[in-house]
Amino acid sequence: MKIFLYASCFFFLIKMRILFIHSDFIEYSVKEKALENPEPYDKKSERIEEALVAFVSVENKDNENVAIKGAKEIADVADKINAKKIVVYPYAHLSPSLAGPSTAIQVLEKLRNELSNMGYDVTKVPFGWYKSFTISCKGHPLSELSKQIGGEEEEPEALRKENTIKTYFKILYNKKFYDINEFDFSGHEKLKEFVDYEISGTRAVQEIPPHVKYMKSLEIADYEEGSDSGNMRFYPKGKLIKSLIESHITNTVMNYGAMEVETPVMYDYEHPALKSYLQRFPARQYTVLSGEDRYFLRFSACFGQFLIAKDSLMTYKQLPVKLYELTRYSFRREKHGELVGLRRLRAFTMPDMHTFTMNIDQAKEEFMRQYKLSISVLKDFGLDLKDYEVAIRFTKEFFDNNSEFIFQLEEIVNKPVLIQIWEEKFFYFVLKFEFNFVDNVHKAAALSTVQIDVDNADRFSINYIDEKGEKKHPLILHCSPSGAVERVIYAMLEKAEMQKKNGIKPSLPLWLSPTMVRIIPLSEKHVQDSLRFLDEIKKEGIRVDIDDREITLSKKIREAETFWVPYILVIGDKEISSSTLTVRDRYSDKTNEIDLENFIKMLKEKLRNYPYRPLNESERLSMRVKFS
RNA sequence: GCCACCGUAGCUCAGUCGGUAGAGCGGCUGACUUGUAAUCAGCAGGUCGGGGGUCCAAUUCCCUCCGGUGGCUCCA
């Protein structure tokens, strides 16, 4: 079974490391503080004879279970060498990924208790001090050993729960639920692929998804070997497209009433509010060191916005309150083999809005608006309802109280949707939807999503003041109206490939085309006059360029076509004298005659309501750098 | 993370059963002055991913490291 989480799930690495020395004696003395608040300690030094010394590193995400396992390992060694005395010596240098001090102290204390309870004479060397020590190693075969406890990925609580909570899938169509096996998928082949992908896992495909070749050949983006995998470089054309997408989403969300904020990209592992969130949703984070302090790179805007909301004063009169940020970037250290082109990245740009609502009615109302907003945003990218599959997931309790609401969601898209129902609440949400894009190699990727979060206001101490003047926790909607921006580009390119397979020229929406109009002078002598046309078009806010290179006309046409330029104008004597243009139109795949004025009018009409940015390269092709 | 494959010119790739390399595209130069998807000719580009080993000789064989890609697992 697969679970789509808003925040991806990370694993705890359980890896306490222990170095054993069977000693004649060990003697240590405490020098000075290594931490601000070390474990209290009153003696200056100590000497222990005939002891098994266990140097222990507590690692990132270790917990008390590891301490119990560790104690068993130590006891096991102690019995083999017949040692009665055990020294637990905190020793950071065994591990590259240490736990925070508070965790370490806790785990070591647990370790000591366990060993005491087993009847050993345990000495625990204090944590958080610089110490000198002298040790005499006995030198027999078992006197020096090292162990790594666990070393396997342990399922976090949320995932363990997954296996015990009942969940099932259905298809919902015209207010009727169907079992997956009973539903007739004819006419809904993509949904079938999505359901297969969801439930029975993936098919092995030996094919690189086609968007990868387009991302390179259109000079949009490419892999950057100089960075970590999944961190892309964007070329001028790609950066232009990406910026336009970002502007459009931001404009749309702000028109919807969200307030744009900006929050840090990294957060303290030791921060109490974040800690419980991380514990519950451990992810594969990037870790950043600032001196000795460890920070994780955000994997969504939740942290930053929740921390703002926690410190803000909201009253019932102001709700719903919407905070928005376009995260550039969010980071998830996805597994190496998972990273393909623009489908999944380790650093990605994610529009992320959180809506704080009073109660379930207000939450539902906003949910519905955001559902429609997501449909409309995707449409602006040329992704229609037929291009993606809808999944709606909820708890049984939510459905029992809100069945009509669920039916409405289905009615709006007017096509069968995948339903997942949980017997009881699972993670933090009671209802979510996603729009999933199924690509040319039959893989699904989530785009838009909205969730109703009933847990995190409590966890982050986010409150609003109600009519009676009392503090209450709001319900929080998580919304990404488009999904990751890179993933939007991926979906557009994959869709273009599908069109190509159906005999339609692949293209991008006009407003996202790096070049909207390409002017091709018939020969060198037409360049000067062509520039006049260029200026006329350019001043209307249309991205136009000119292929002034000394190559053949055919070649220029061919190149404009390979870059998916929507409109190609060849300027020769005829055009210059008559001012009637011959326009090669990619969308209709026809060549039309039209005068300049009407041509511009037609383009401006199509570009209305979309953001504009100028060309991000020279308007003269002869002056352009090649990037692919 | 595991498994597999790959790393040769700016790009895509060929090749050397071990004797330091080729093509197409792109670039540069010149000719051509062209009416809707590749005009012709010439020229310049490479420590064959890094390190180690075997060998008279390694880009080629072996080991190792690094990087990339695909699959599995997982997820936005």
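Throughout, a chain's letter reflects where its sequence line sits, starting with A, and its residues are numbered from 1. Note that this is a predicted model, so its numbers are computed, not measured.
Remark: A/E260 pairs with A/T250, A/M254, A/Y324 by the side-chain contact (heavy atoms from CB on, under 4.5 Å) rule, at least two apart or across chains. Take A/F437 and apply the ring-ring contact (aromatic ring centres under 6.0 Å, His included) test, not counting sequence neighbours, and it matches A/Y490. Residues passing the side-chain contact (heavy atoms from CB on, under 4.5 Å) test with A/V265, sequence neighbours excluded: A/L297, A/R298. Listed by chain and residue number, A/F627 satisfy the ring-ring contact (aromatic ring centres under 6.0 Å, His included) test with A/Y235 (two or more places apart in sequence, or in another chain). Annotation: ring-ring contact (aromatic ring centres under 6.0 Å, His included) contacts of A/Y329 (sequence neighbours excluded): none. Listed by chain and residue number, nothing satisfies the side chain to side chain donor-acceptor pair (under 3.5 Å) test with A/N502 (two or more places apart in sequence, or in another chain). Scanning for ring-ring contact (aromatic ring centres under 6.0 Å, His included) contacts around A/Y286 gives A/F331, with sequence neighbours left out. A search for side-chain contact (heavy atoms from CB on, under 4.5 Å) contacts involving A/K379 returns A/D384, not counting sequence neighbours. Residues passing the side chain to side chain donor-acceptor pair (under 3.5 Å) test with A/D380, sequence neighbours excluded: A/H248, A/Y610.
Residue A/F348 is classed as a base contact, given a heavy-atom separation below 4.0 Å to a base.
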Open item on the list: How would you summarise protein contacts on nucleotides 32-41 of chain B per nucleotide, using B for base, S for sugar-phosphate only and - for none, with heavy-atom distances below 4.0 Å?
Closed with: -B-BBBBB--
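Using cut-offs of 30° and 60° on the angle between ring planes, the pair A/Y267 and A/F303 is tilted.
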Close N/O contacts between protein and nucleotides 65-67 of chain B (under 3.5 Å):
from  : atom 1 : to     : atom 2 : distance (Å)
B/G67 : O2'    : A/E225 : OE1    : 3.3

Task: Bracket string, RNA chain B, 5' to 3' - pairs by Watson-Crick or G-U geometry under 3.5 Å, | interstrand - done: (((((((..((((.....[..)))).(((((.......))))).....(((((..]....))))))))))))....
